[in-house]
Amino acid sequence: KTKEAGNKKRSEFTAKFIESLNPTEKEERYTDVKTPGLTLAMYPASPWKPNGSKKWRFRYMYASKAKMLFFGDYPTVSSGKLARKFLMPE
């Protein structure tokens, strides 16, 4: 299930959902309904990446300014690995 709020698309990040994303003509961002700030950016296809690319990002506020961290590319960094390593540290 994907909900659209303005130009943002919200969904639960499952492997099936992420694999189903296809590149479009311009960048699209998806946000996770369970993890505020976690986004998956889908980039368009290019000559060197014919299937486009998917990148994990985390948006947050610091000193009243919006910031963004880049966690890596999907599938190199899976949603499970991302949650274990960055979002739920031991």
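Shortest non-hydrogen contact noted between Pro23 and Ala45 is CB-N, 3.7 Å.
Classification of the Phe58-Phe71 ring pair by plane angle, with boundaries at 30° and 60°, yields tilted.
Hydrophobic clustering (side-chain heavy atoms under 4.5 Å, transitive across Ile, Leu, Val, Met, Phe, Trp, Tyr) keeps Ile18 apart from Tyr43. Both Leu69 and Leu40 belong to a common hydrophobic cluster when Ile, Leu, Val, Met, Phe, Trp and Tyr are linked at side-chain heavy-atom distances under 4.5 angstrom.
A 6.0 Å sphere centred on OH of Tyr62 holds no more than 12 heavy atoms belonging to other residues, nucleotides or ligands.
Counting heavy atoms from C-beta on, the side chains of Tyr74 and Phe13 never come closer than 4.5 Å. Between Arg59 and Thr39, the closest side-chain pair of non-hydrogen atoms falls below 4.5 Å.
Taking NZ of Lys49 as the reference point, atom NZ of Lys54 lies at 11.0 Å (rounded to 0.5 Å). Here Met42 contributes atom CE and Lys55 contributes atom NZ; the two are 10.5 Å apart, rounded to the nearest 0.5 Å.
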CA sep, side-chain torsions, deciding dist, call: Glu12, Phe17, side-chain contact (heavy atoms from CB on, under 4.5 Å): CA-CA 8 Å; Glu12 183 175 339; Phe17 170 75; over 6 Å; no
